[in-house]
Trainee: 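Below are the structure tokens for one structure; questions will follow.
In listed order, ligands and their atoms are each counted from 1.
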Amino acid sequence: METEIVRIDPGRAREPESREILRRAGEIIKSGGLVAFPTETVYGLGGNALDATASRRIYAAKGRPSDNPLIVHIAETADLERTAVEIPESAYALAARFWPGPLTMILKKHPDIPTETTGGLDTVAVRFPSHPVAQELIAAGGGFIAAPSANRSGRPSPTTAAHCIEDLTGQVNMIIDGGEVGIGVESSIVDLTEERPVILRPGYITPSMLREVLGEVETDPGLDAAADLPPEAGSGNVPAGPGPKAPGMRYRHYAPQGSMLLVTGDEAAMVERIRQETAQALAQGKRTAVIASRETADAYPGGVRVFVAGSRHDPAEVAHHLFGILRACDEEGMEMICAEGFEEGELSRAVMNRLEKACGHNIVRV
Ligand code: TXA
Ligand code: MG
């Protein structure tokens with residue numbers, strides 16, 4: 001398949017020349033094709049959410065197990081009612097506060113949404129993104145776009161069009177380059193189908209922000225499960241019982257090709273341990289990297305490739321850079337990667353969750 005790459009300046013998404021491109025992109029979606037597009041969190045790989053065949057194509061393009069459900073993206077809150085049924089008041093309250101924005105809600109599925117889109121589940125994930133290119137594309141494509149992150153299964157989510165081009169050239173009809181995304185980690189997911197709301201994936205919308213609207217909110221205890229399934233696991237491989245409730249959170253994800261260790265705890269002890277680990281790796285002749293904070297970046301031996309993720313006091317900055325750094329580790333052939341823990345602030349849960357998955361739960365607490 002030929003992949004067309006087009007460029008839209010997000011600030012000009014509603015100008016006539018952008019609309020013309022988006023109209024064509026919308027036609028691709030409506031005729032069952034696939035378009036990668038920017039959102040405020042990460043790039044998405046979009047197809048018509050109402051078309052079972054389009055959803056199958058998404059799974060194939062990503063190399064994703066078809067039991068891992070897709071998120072349905074809408075461009076107006078009213079379309080929630082065409083996506084879900086038995087919608088609780090809490091969903092409207094969350095929508096009023098956080099939509100458009102980086103929050104996904106799990107609700108009971110509307111019969112018009114094919115089970116191919118929801119990975120066979122009778123629940124559906126819904127999100128109304130704030131990115132103007134995403135909004136215009138959804139509207140042009142008929143209002144309901146199923147979109148997982150636009151990476152090959154198992155790789156870090158894409159935060160630039162270059163990442164999508166790397167992973168999806170030849171697999172999608174069009175890639176819309178809208179520049180670098182703002183947030184850099186995927187949306188927070190909250191499940192509203194149980195008696196009490198449960199966070200299935202931590203993201204930019206933090207537990208305390210959700211609590212302001214919902215009162216109590218729990219976090220899925222399965223998120224800390226130590227083992228991840230390999231990304232190539234086939235349909236039906238998701239085990240029942242303990243483990244994350246969002247099927248996608250059970251798969252290995254983001255892991256770089258080299259071996260990776262996450263070191264958490266007291267700052268001085270953490271730095272000391274990483275100094276030891278990296279010195280040892282260098283002595284073995286390994287290409288060695290550290291994912292560090294700006295504050296501690298100078299602490300590591302010469303010869304170590306230090307990636308500065310951001311300030312230790314600013315998890316949003318770290319979130320913004322993290323996936324790009326994980327990809328760069330592969331590009332630069334890093335064989336041993338040590339990551340510092342980032343545990344300051346509520347948003348650090350989103351960052352740590354991605355780091356824990358990236359290192360395959362190979363974690364040392366000092
Ligand atoms: O920020 C985002 O959410 C991005 C952009 C493109 O919107 N999308 C994204 O999609 O991260 P994806 O497919 O990479 O992650 C969706 C997650 C997966 O872990 C999936 O298992 C979970 O949402 N999910 C989807 N539908 C679900 C459902 N009905 N019940 C539980 N988990 C669900
Ligand atoms: Mg993903």
Trainee: Should one rank Thr41, Leu45, Leu103 by closest heavy-atom distance to atom 5 (C) of ligand 1, which comes out on top?
Mentor: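 Answer by nearest heavy atom: Thr41.
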Trainee: Output yes when the distance from some N or O of ligand 1 to some N or O of Arg127 is under 3.5 Å, and no in every other case.
Mentor: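 Yes, since at least one N or O of Arg127 sits under 3.5 Å from an N or O of ligand 1.
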Trainee: Please write down residue, atom name and distance for the protein heavy atom closest to atom 17 (C) of ligand 1.
Mentor: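 I find the closest protein heavy atom is Ile189 CD1, 3.6 Å.
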Trainee: Without swapping roles, check the side chain of Asp79 against the backbone of Ile74 for a donor-acceptor pair under 3.5 Å.
Mentor: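 A pair under 3.5 Å: no.
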Trainee: Between OG1 of Thr3 and CD1 of Ile165, what distance do you get to the nearest 0.5 Å?
Mentor: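 Result: 9.5 Å between the selected atoms.
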Trainee: Residue-level breakdown please: for Asp191 versus ligand 1, do any non-hydrogen atoms fall below 4.0 Å on the side chain, on the backbone, on both, or on neither?
Mentor: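 For Asp191, there is no contact with ligand 1 at all, from either part.
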Trainee: Do the side chains of Lys108 and Asp122 get close enough for a salt bridge, i.e. N-O under 4.0 angstrom?
Mentor: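 No, this pair does not count.
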Trainee: Please determine whether a side-chain nitrogen of the Lys or Arg among Glu166 and Arg152 lies less than 4.0 Å from a carboxylate oxygen of the Asp or Glu.
Mentor: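 Salt bridge flag = no for Arg152 with Glu166.
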Trainee: Counting only heavy atoms closer than 4.0 Å, does ligand 1 sit against the backbone of Ile71, its side chain, both, or neither?
Mentor: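 For Ile71, only side-chain atoms sit under 4.0 Å from ligand 1.
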Trainee: Run the numbers for me: atoms of ligand 1, each under 4.0 Å from some heavy atom of Asn68, listed by number.
Mentor: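 What qualifies from ligand 1 is 18 (C), 20 (C), 21 (O).
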Trainee: Name the closest protein heavy atom to atom 15 (O) of ligand 1, giving the residue it belongs to and the distance to 0.1 Å.
Mentor: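 The answer is Arg201 NH1, 3.1 Å.
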Trainee: Between Arg354 (side chain only) and Ala350 (backbone N and O only), is there a donor and an acceptor less than 3.5 Å apart?
Mentor: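 Looks like yes, one N/O pair under 3.5 Å.
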Trainee: Which atoms of ligand 1 have any heavy atom of Met249 under 4.0 Å away?
Mentor: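 So the answer, numbered in order with elements, is 19 (O).
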Trainee: Report whether any nitrogen, oxygen or sulfur of Asn151 sits less than 2.8 Å from the Mg ion (ligand 2) (N, O or S, backbone or side chain).
Mentor: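 For Asn151, the answer is no, given that no N, O or S atom comes within less than 2.8 Å of the Mg ion (ligand 2).
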Trainee: Using 4.0 Å as the upper bound for N to carboxylate O, is an ion pair formed by Glu343 and Arg349?
Mentor: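 So Arg349 does not pair with Glu343 through a salt bridge.
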Trainee: Distance to 0.1 Å, residue and atom name: give those for the protein heavy atom nearest to atom 29 (N) of ligand 1.
Mentor: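 Result: Thr123 OG1, 2.9 Å.
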Trainee: Among protein heavy atoms, which lies nearest atom 19 (O) of ligand 1, and at what distance?
Mentor: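 Here the closest protein heavy atom is Gly248 CA, 3.2 Å.
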Trainee: Between Phe323 and Tyr254 (judged by ring centroids, cut-off 6.0 Å), do the two rings come close enough to count as a pair?
Mentor: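 Phe323 vs Tyr254: aromatic centres under 6.0 Å.
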Trainee: Glu277 and Arg273: salt bridge (charged side-chain N to carboxylate O under 4.0 Å, His left out), yes or no, with the steps?
Mentor: CA-CA 6 Å; Glu277 295 281 346; Arg273 178 62 181 263; 3.0 Å; yes
Trainee: Got the closest protein heavy atom to atom 14 (O) of ligand 1, with its distance?
Mentor: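 So the nearest neighbour among protein heavy atoms is Ser149 OG, 2.9 Å.
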Trainee: Would Arg312 and Phe342 count as a cation-pi pair here, with the cationic atom under 6.0 angstrom from the ring centre and within 45° of the axis?
Mentor: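 Yes, Arg312 lies over the aromatic ring of Phe342.
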Trainee: Would you kindly specify which portion of His73 sits under 4.0 Å from ligand 1, judged on non-hydrogen atoms: side chain, backbone, both or neither?
Mentor: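 It is the side chain that gets close, since no backbone atom is under 4.0 Å.
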Trainee: Donor-acceptor pair, Lys357 side chain versus His361 backbone, under 3.5 Å?
Mentor: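 Such a contact is absent between Lys357 side chain and His361 backbone.
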Trainee: Check each atom of ligand 1 against the heavy atoms of Glu186 and keep those under 4.0 Å away; list them by number with element.
Mentor: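 Reading through ligand 1 atom by atom, the close ones are 1 (O), 2 (C), 11 (O).
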Trainee: For ligand 1, does Arg64 get within less than 4.0 Å through its side chain, its backbone, both, or neither, judged by non-hydrogen atoms?
Mentor: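 For Arg64, the contact with ligand 1 is made by the side chain alone.
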Trainee: Give me the nearest non-hydrogen protein atom to atom 27 (C) of ligand 1 as residue plus atom name, then the distance to 0.1 Å.
Mentor: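 Sorting protein heavy atoms by distance from atom 27 (C) of ligand 1 puts Pro69 CG, 3.4 Å first.
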Trainee: Using heavy-atom distances, let me know which of Ser188, Pro247, Ser187 sits nearest atom 2 (C) of ligand 1.
Mentor: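 The nearest heavy atom belongs to Ser187.
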Trainee: To the nearest 0.1 Å, how far is atom 6 (C) of ligand 1 from its closest protein heavy atom, and which atom is that?
Mentor: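 Minimum-distance protein heavy atom for atom 6 (C) of ligand 1 reads Gly44 CA, 3.5 Å.
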Trainee: Looking at Leu121, which atoms of ligand 1 are within less than 4.0 Å of one of its heavy atoms?
Mentor: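 Selected atoms, number and element: 28 (C), 29 (N), 30 (N).
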Trainee: Are Lys109 and Glu86 ion-paired here, with the side-chain N under 4.0 Å from a carboxylate O?
Mentor: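 Salt bridge: no.
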Trainee: Knowing that exactly one of Thr123, Ile189, Leu192 qualifies, which makes a side chain to side chain contact (heavy atoms under 4.5 Å, CB included) with Met105?
Mentor: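 Filter result, single survivor: Leu192.
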Trainee: I need the nearest protein heavy-atom contact for atom 4 (C) of ligand 1: residue, atom name and distance, please.
Mentor: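 Here the closest protein heavy atom is Val42 CG2, 3.8 Å.
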